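Below, all heavy atoms of this structure are taken into account, side chains as well, without hydrogens, waters or symmetry copies. Residue numbers start from 1 in every chain, and the chains themselves are labelled A, B, ... in the order their sequence lines are given, proteins ahead of strands. These numbers were taken from a predicted model, which means no experiment stands behind them.
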2 protein chains.
Amino acid sequence: MPEHRSRRDAVRNREAVLAAADALFSRRERPEDVTMADVAAAAGVGKGTLFRAFGDRAGLLRALYEARLVPFREAVESGPRPLGPGTAPRERVLALLDAVLCFKLDNRPLALALEENGNGSPYRAEHYAWWHGLLRAVLEEMPGLAEPGFTAHALLAATRADLVEHLAGQEGLPRERLRAQLAEFTTRVISSAPR
Amino acid sequence: MPEHRSRRDAVRNREAVLAAADALFSRRERPEDVTMADVAAAAGVGKGTLFRAFGDRAGLLRALYEARLVPFREAVESGPRPLGPGTAPRERVLALLDAVLCFKLDNRPLALALEENGNGSPYRAEHYAWWHGLLRAVLEEMPGLAEPGFTAHALLAATRADLVEHLAGQEGLPRERLRAQLAEFTTRVISSAPR
DNA sequence: ATATAATCGGACCCGTGGTCCGTTTTCGAC
DNA sequence: GTCGAAAACGGACCACGGGTCCGATTATAT
């Protein structure tokens, strides 16, 4: 028999909070004015419960982000081409960056909230480490490409949530145009050896 | 004759605040725990004065940033090669990005504080618009480079303050190596036509 | 049914950006 | 030099959001 599973009300409340937060961050434009108290209220739960379940605001954001990221992780780690393994490096790099971009487009407020400094730099987040490690590994398989580590950082920087928000939101650049431009940029980066 | 110059004490205090803030942001590691009250105290001034002079925290940051940026603006607008006008596009793009990187390296805490979301996205800041417009203009002179606007954004994204901080600070990458890697990346971006 | 331990939840605390207004300083006019 | 108005000063004060605490509540084992 298991030591102690979580209590029913605990898991129920955790779910409720995740759902409520998900909804709130999707609806509200400005992620920074979704307050913890708002989330608690929307979930029909006290602030204490909220903080016990997720530690702090960053923890809640991380939990939400990770949850939405699951399909992408699976697609990348064991899915079909072009995102999955066993794809030629060039094609996979393009697919990865496109996936990252699409993910941020589809989760704008959440990505924005999470990348916000104040939690600590986004570069310490584990999901960033994962993406960076993956991209770096694929880049390493490409001949004639020095500094795959930096290149991975630089390419990912082109998909920063606030840049995406600026281009897609403020400037109204359509999704497809943005994807095309990123693809073109990426292609240029990986298509030639310098010097 | 001009109606009313600023009063002596006003300009004196403004200077004092700028100097104090400059010192504080340079010394303290974490820009976010330099508080407005700290700045006021260090300048020997009340908070009221501070806020009347700069509006809000972002205003103070902006003023400091602009002040430190002056030499670069001059070097770019009327200085000698390779930064100044009249330089071949390829070389000037490299020089511009290197200058941006060096600037952020030399003003890490300040750049970090200013790029912090919470003030509003860094992409609305006028200094960003200036850098972007300039870089874009130079890129437009290069044949075979589609989408200079996006390219400019993407290249500048590689010099984001928090990325620089991560690489130079946490990972301890030496200045020269970082500059070399950015130069290599930039070269790759501008050296080939895709497709 | 009862004991026990975990969870609940909202009152509370604290730090920070930002405001307010009585007091002080500057500066032109005489 | 003196005087009065207008501007600036500065620190007490406010609002608000993240995070904590602890008495009340509720799930679970026996």
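- A donor-acceptor contact shorter than 3.5 Å is absent between the side chain of B:H166 and the backbone of B:E171.
- As rounded to whole Å, 17 Å separates atom P of D:dG10 from atom CE of B:M36.
- Taking the six-membered ring for Trp, A:Y65 and A:F103 have ring centres closer than 6.0 Å.
- For B:D38 and D:dG11, the CG to P distance is 15 Å, given to the nearest whole Å.
- Mapping B:A58 and A:V11 onto DNA chain C by nearest heavy atom places A:V11 closer to the 5' end of the strand.
- In this model, a side-chain donor or acceptor of B:R7 finds a partner on the base of D:dA7 within 3.5 Å.
- Separating the CG atom of B:L50 from the P atom of C:dT16 is a distance of 15 Å, rounded to the nearest angstrom.
- Comparing B:V34 and B:R52 by the nucleotide of DNA chain C that holds the closest heavy atom to each, the one mapping nearer the 5' end is B:V34.
- Taking 4.0 angstrom as the limit, B:S6 places none of its side-chain polar atoms (N or O) nearer than this to OP1 or OP2 of D:dA7.
- A distance below 6.0 Å separates the ring centres of B:H153 and B:Y128.
- Atom CZ of A:R57 is separated from atom P of D:dT20 by 15 Å (rounded to the nearest Å).
- Here the P atom of nucleotide D:dA15 and the CZ atom of B:F51 are 16 Å apart, to the nearest Å.
- The salt bridge (charged side-chain N to carboxylate O under 4.0 Å, His left out) test with A:E165 singles out one residue from A:R108, A:R30, A:R160, A:K104, and that residue is A:R108.
- In this model, the phosphate group of C:dT7 is not approached by any side-chain N or O of A:N13 to a distance below 4.0 Å at OP1 or OP2.
- If you check D:dA8, D:dT28, C:dT16 against the side chain of A:R8, the one that comes closest is D:dT28.
- Counting only heavy atoms from C-beta on, A:T35 has its side chain closest to D:dG18 among C:dC8, D:dG18, C:dG18.
- Salt bridge absent: B:D9 and B:R14 never bring a charged side-chain N and a carboxylate O closer than 4.0 Å.
- The separation between A:E116 atom CD and D:dG18 atom P is 11 Å, rounded to whole Å.
- The CG-P distance, from A:D33 to D:dG17, rounds to 9 Å in whole Å.
- Note on B:T49: a base of the nucleic acid sits closer than 4.0 angstrom, heavy atoms only.
- Residue B:E15 contributes atom CD, which lies 13 Å from atom P of D:dC9 at whole-angstrom precision.
- A salt bridge does not link B:R68 to B:D106: none of the charged nitrogens lies less than 4.0 Å from a carboxylate oxygen.
- Of the candidates D:dG10, D:dT20, D:dC9, D:dG10 carries the atom nearest the B:V45 side chain, counting heavy atoms from C-beta on.
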Are any protein N/O atoms closer than 3.5 Å to N/O atoms in nucleotides 11-15 of chain C? If there are, list each pair with its distance.
none

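- A donor-acceptor contact shorter than 3.5 Å is absent between the side chain of B:E115 and the backbone of B:P122.
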